[in-house]
Amino acid sequence: MALSGLDIFKLLPKTNCGDCGVPTCMAFAMKIAQKKAELSSCPHASEEAKAALGAAGEPPVRLVKIGGGNGLEVGGETVLFRHEKTFFHPTGIGVEIRTSQGEDKILKDIRRLESYQADRVGEVLKANLFFVSHDSAEKAAFLRTISLAKANSTKGLVIDCPQEEALKEGLELLRDDRPAICLRRPLTEKDIEMAKDSGASLVITASSHQELADQTEKARQAGLTNLILNCQGEGLGAAIQNNAILRRSALKKNFKPFGFPLFARVADEDGFESLAAAAALLCKYTSIIILPRFDKALLFTLFTLRQNIYTDPQKPIQVDPKIYAIGDPTPDSPIFVTTNFSLTYFIVSGEIENSGTSAHLVVCDTEGQSVLTAWAGGKFVPEKIAKFIKDIKLEEKVKTRKIVIPGFVAQISGELEEKLPGWEVIVGCQEAADIPSFVKSVKLV
Amino acid sequence: MTFEIPRETNPGKIIEVTIGATSDQGGTRSRSVTIGGSTALPFHFFEGLHPHRPVVAMEVFDKAPAKYPDSLREYYQDVLDKPGEMARRCVADFGAEMVSVRLEGTHPEKGGRSTEEAVEVVKDVLAAVEVPLIITGHSHFEKNNEVMKKVCEATAGENCLINYVETNNYKTIAAACLAYHHTLVAQTPIDVNLAKQLNILLTDINFPQDRLVMDPLTGALGYGLEYSYSIMERIRNEGLAGDRMLGFPMLITPGAECAKVKEARATEKDNPHWGDEKRRGAYWEIATAMSLLIAGADLLIMDHPQAVKVVRKQIAEMFHPNKEGGHGSLRA
Ligand code: B12
Ligand code: SF4
């Protein structure tokens with residue numbers, strides 16, 4: 001049964017050496033109790049402690065790392081629904097490369113995904129993995145692809161290689177790179193040896209729950225903990241249900257063979273179907289999603305969904321309330337007012353930049369809420385906006401005496417003007433996308 | 001270790017709601033549509049029943065939205081201002097199972113069209129297609145109430161889905177729905193308690209439960225989706241757990257929400273990292289729709305023909321997993 005933090009503390013060395021990454025043994029014990037850490041992080045734990053903690057020391061869903069350096073971490077989840085707490089480790093998104101494709105094409109594909117990133121709400125969004133599909137008959141083609149990926153990319157590799165010898169030599173090239181091996185046939189002793197020897201994780205595939213459980217149990221017994229589950233169903237409906245069954249078993253029933261991250265590959269029908277399947281799978285626990293090919297619009301859409309599903313529902317992402325300089329504003333530059341919801345801030349500041357105008361952007365404290373939400377919740381109302389503008393001493397910092405408010409709160413302009421003697425309030429456009437044309441058509445200073 | 005599927009049976013059941021009336025039922029539709037009836041979480045066929053598939057409706061307008069994105073315009077060019085013809089195209093060419101007639105043009109600040117004009121538009125669409133209709137209004141209470149009252153009367157017996165009432169304005173429209181036999185949408189802004197409260201208010205005035213659909217409000221992908229997603233999951237969980245006042249089918253509006261956002265229109269030229277704008281417009285709506293289906297949506301009002309096609313296909317696949325050994329959208 002689950003042990004309390006105190007129970008676990010009693011089993012630790014109590015030296016507070018900090019080697020586990022947490023300052024004290026007590027703090028470390030609390031983390032284990034909350035399933036946020038594993039006993040294996042304490043190098044000094046006694047055999048007795050290990051035995052006593054046993055399964056209790058294992059998190060319900062293992063954290064698995066793929067890739068060298070700050071590679072991808074997936075799994076480690078503790079809840080079935082994001083509203084119960086949050087999802088911690090965003091889905092790793094990968095794109096397939098095929099070894100039969102010839103060096104030039106492969107290199108081009110690697111470079112293209114490697115250099116692709118997009119910004120959204122102040123976060124850099126990227127793909128995390130390459131899925132190397134060995135569909136050529138030649139070993140050399142496989143090894144060359146691995147070398148190209150290693151030399152030209154920092155992303156982790158998931159390898160699907162039916163040729164045993166090629167795989168062995170490929171893993172040799174990836175000694176410190178923590179790849180994952182995608183097995184598409186039942187697990188063998190040889191696979192276990194290979195995983196132990198190379199430090200690779202194993203993606204275990206089966207078409208029934210029991211078969212999957214038997215295989216992961218075998219791997220667990222052999223001491224492997226870096227496992228990823230690929231329960232194959234027939235179609236998206238089966239995949240969604242399997243994921244729900246596996247994750248529920250791990251979290252609610254403490255069924256250890258399923259306490260691992262989940263894997264899926266979407267097909268190449270056309271981008272639309274791949275995206276639809278990937279979107280559904282991303283919401284329902286899939287930790288690694290492999291796409292058939294590079295498509296910027298598709299990746300950008302999926303990145304955005306990943307960002308949405310994996311934000312912490314307890315705290316909206318927000319920016320500091322203060323005056324932001326957009327471009328190189330002078331005391332005579334125009335002044336825009338908005339809220340401190342990150343999304344709102346980044347959209348508005350981006351569009352002011354697009355307009356080519358330098359400006360002051362006054363970001364009021366609305367506890368991270370959007371314009372209309374904050375207005376409806378009484379946080380972006382004349383009184384509060386006026387107080388904020390006085391508190392930050394805007395009057396002393398600029399010579400401009402006009403402020404532009406969001407078009408969606410046009411109704412507050414009169415009252416706001418009354419509360420800010422000496423200032424003129426201009427009602428802006430509704431959508432930020434119209435700011436570039438708005439600044440051209442209205443006199444803002 | 002022997003594995004056993006951890007099945008959970010729920011005490012609650014989502015109420016079944018039928019929209020549209022055939023001639024037997026006092027209307028003129030070729031068939032009606034039923035949603036709800038689930039006894040388990042979305043697509044959990046292993047532990048409960050889902051007697052009805054989620055349904056996809058498409059939207060036509062009394063007045064085309066000024067900012068309708070080009071990625072959509074190309075499908076409707078010539079019919080955007082002809083709601084009847086546009087509705088026909090949505091049903092015949094794009095597979096719409098229902099049509100929503102949005103009467104935003106009657107809003108005093110968005111065209112101020114007359115109530116009579118609105119009634120004509122609805123009649124036009126009613127004559128053009130045989131699927132059940134959704135009549136979608138706006139937030140200007142006074143005008144909306146007047147329009148909806150007349151539209152309810154003009155479509156008496158058709159069992160349209162009247163979209164929507166809110167907490168501060170439900171009595172007039174609910175009464176009209178009752179009088180002329182229509183079904184009603186209760187809309188609240190992304191909040192479990194507000195949703196429950198409005199359903200209680202409607203039940204208190206004896207509005208029949210099997211004629212109520214709730215709209216927990218859709219935020220588009222990247223614009224509040226995460227809030228909609230979690231509120232819907234919570235509502236569905238509560239409904240299945242037995243809270244009768246949350247056990248209604250849910251309506252979402254990925255079409256209208258996605259058509260508003262910049263990602264549906266900005267070009268790749270201006271935003272190189274966002275990729276091809278034509279595909280992106282559909283992708284955005286697909287991702288919004290698919291995630292909210294997973295959260296519990298029963299009825300979706302969509303805009304993009306390509307998105308409608310794919311989402312309907314995936315709903316079908318999720319309802320009938322391919323038994324012939326194919327993997328549908330997944331790879332071995
Ligand atoms: C997600 C959401 C929430 C989330 C909060 C999200 C957040 N962190 O803010 C939650 C679920 C918590 C929420 C709560 C509420 N919400 Co709410 N919510 C939404 C939703 C779906 C999206 C909001 C959003 O994120 N928009 C995206 C951001 C970027 O938009 P934005 O800030 O307005 O910025 C845009 C423009 O305003 C412009 N802009 C911004 N700044 C500036 C500045 C200048 C100078 C210019 C020119 C332009 C400009 O640029 C941006 C892009 O175009 C909307 C409905 C919808 N679909 O839009 C309802 C909505 C805003 N909510 C609403 C309501 C009523 C509420 C509640 C009061 C409900 C309640 N009683 O509980 C609460 C209030 C919270 C509280 N009690 O404090 C109503 C407001 C109605 C109204 N017109 O007054 C809306 C419109 C829904 C509706 N139709 O009823 N909500
Ligand atoms: S590494 Fe072990 S002994 Fe050292 S502080 Fe952490 S728990 Fe205590």
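Both backbone and side-chain heavy atoms feed into the values below; hydrogens, waters and symmetry mates do not. Letters go in sequence order (proteins before strands), and every chain restarts at 1.
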Q.
Is A:Thr301 in contact with chain B via its backbone, its side chain, both, or neither, using a 4.5 Å heavy-atom distance?
A. both

Q. Taking atom CD of B:Glu142 as the centre, does the number of heavy atoms from other residues, nucleotides or ligands within less than 6.0 Å exceed 12?
A. no

Q | B:Glu268 side chain near A:Lys296 side chain, heavy-atom distance below 4.5 Å | A | yes

Q. Between B:Tyr283 and A:Phe300, is the ring centre distance below 6.0 Å?
A. no

Q.
Tell me which of these, A:Ala376, A:Gly271, A:Pro313, has more heavy-atom pairs under 4.5 Å with chain B than the rest.
A. A:Gly271

Q) Can you tell if the side chain of B:Phe3 reaches within under 4.5 Å of the side chain of A:Pro257, non-hydrogen atoms only? A) no

Q.
Does B:Lys262 have more than 12 heavy atoms from other residues, nucleotides or ligands lying within 6.0 Å of its NZ?
A. yes

Q. Taking atom CE of B:Met290 and atom CG of A:Leu236, what is their separation to the nearest 0.5 Å?
A. 5.5 Å

Q. For B:Thr288, is it the side chain, the backbone, both, or neither that has a heavy atom closer than 4.5 Å to a heavy atom of chain A?
A. neither

Q.
Among B:Ile5, B:Leu221, B:Ile231, B:Ile190, which residue has the highest count of heavy-atom pairs closer than 4.5 Å to chain A?
A. B:Leu221

**Q.** A:Arg248/B:Glu8 under salt bridge (Lys or Arg N to Asp or Glu O under 4.0 Å): CA gap, chis, key distance, verdict
**A.** CA-CA 10 Å; A:Arg248 190 192 280 166; B:Glu8 286 175 7; 3.5 Å; yes

Q. Which heavy atom in B:Gly222 sits nearest to a heavy atom in A:Asn308, and how many Å separate them?
A. N-OD1, 2.8 Å

Q) Looking at B:Arg279 and A:Asp295, does any basic side-chain N land under 4.0 Å from a carboxylate oxygen? A) yes

Q | Approximate separation, where rounding is to 0.5 Å, of A:Phe272 CZ and B:His304 NE2 | A | 6.5 Å

Q.
Taking side chain as everything from C-beta outward and backbone as N, CA, C, O, which of these in A:Gln221 sits under 4.5 Å from a heavy atom of chain B? Side chain, backbone, both or neither.
A. neither

Q: Sort A:Phe303 into side chain, backbone, both or neither according to what part of it lies under 4.5 angstrom from a heavy atom of chain B.
A: neither

(Q) What verdict does the salt bridge (Lys or Arg N to Asp or Glu O under 4.0 Å) test give for A:Arg120 and B:Glu263, after you've listed the backbone C-alpha separation in whole Å, the side-chain angles of each residue and the deciding distance to 0.1 Å? (A) CA-CA 12 Å; A:Arg120 196 178 175 89; B:Glu263 285 79 354; 2.6 Å; yes

Q: Find the distance between CD1 (B:Ile294) and CG (A:Leu282) and round it off to the nearest 0.5 Å.
A: 10.5 Å

Q: To the nearest 0.5 angstrom, please state how far the CZ atom of B:Phe43 sits from the CG atom of A:Asn243.
A: 14.0 Å

Q: Compare every heavy atom of B:Asp276 with every heavy atom of A:Ala297, then report the nearest pair and how far apart it is.
A: CB-O, 3.7 Å

**Q.** Heavy-atom proximity to chain B below 4.5 Å, by part of A:Phe258
**A.** side chain

**Q.** Contacting region of B:Leu41 [heavy-atom separation from chain A under 4.5 Å]
**A.** side chain

Q.
Heavy-atom cut-off 4.5 Å, strictly under: side chain, backbone, both or neither for A:Asn354 against chain B?
A. side chain

**Q.** Any side-chain heavy-atom pair of A:Gln210 and B:Thr2 under 4.5 Å
**A.** yes

Q | Residue B:Asp270 versus chain A: region with a heavy atom under 4.5 Å | A | neither

Q) Side-chain contact, heavy-atom cut-off 4.5 Å: B:Tyr229 with A:Cys283? A) yes

Q: May I ask you to decide if A:Tyr310's main-chain N or O and B:Glu226's side chain share a donor-acceptor pair within less than 3.5 Å?
A: no

Q.
I'd like to know if A:Asp434 and B:Lys67 make a salt bridge, using a cut-off of under 4.0 Å between side-chain N and carboxylate O.
A. yes

(Q) At a heavy-atom distance under 4.5 Å, which candidate from A:Glu84, A:Lys284, A:Glu217 has the highest pair count against chain B? (A) A:Lys284

Q: With rounding to the nearest 0.5 Å, note down the distance linking CG in A:Leu275 to CD in B:Gln314.
A: 9.5 Å

(Q) Please determine whether a side-chain nitrogen of the Lys or Arg among B:Lys309 and A:Glu273 lies less than 4.0 Å from a carboxylate oxygen of the Asp or Glu. (A) no

Q.
Within the supplied structure, the quantity of interest is the number of heavy atoms (other residues, nucleotides, ligands) at a distance under 6.0 Å from B:Glu4 CD; does it exceed 12?
A. no

Q | Lys/Arg-Asp/Glu bridge criterion (N-O < 4.0 Å) met for B:Glu233, A:Arg82 | A | no

Q) What residue, out of A:Ser249, A:Ala279, A:Ala118, has the most heavy-atom pairs lying under 4.5 Å from chain B? A) A:Ser249

(Q) As an exercise: rank A:Ile309, A:Leu298, A:Ile240, A:Ile347 by heavy-atom pairs under 4.5 Å with chain B and give me the winner. (A) A:Leu298

Q. Parallel, tilted or perpendicular: which fits the ring planes of B:His273 and A:Tyr116, with parallel below 30° and perpendicular above 60°?
A. tilted

Q) Hey, which of B:Lys260, B:Lys278, B:Glu277, B:Glu47 has the most heavy atom pairs under 4.5 Å with chain A? A) B:Glu47

**Q.** Part of B:Arg7 lying under 4.5 Å from any heavy atom of chain A
**A.** backbone

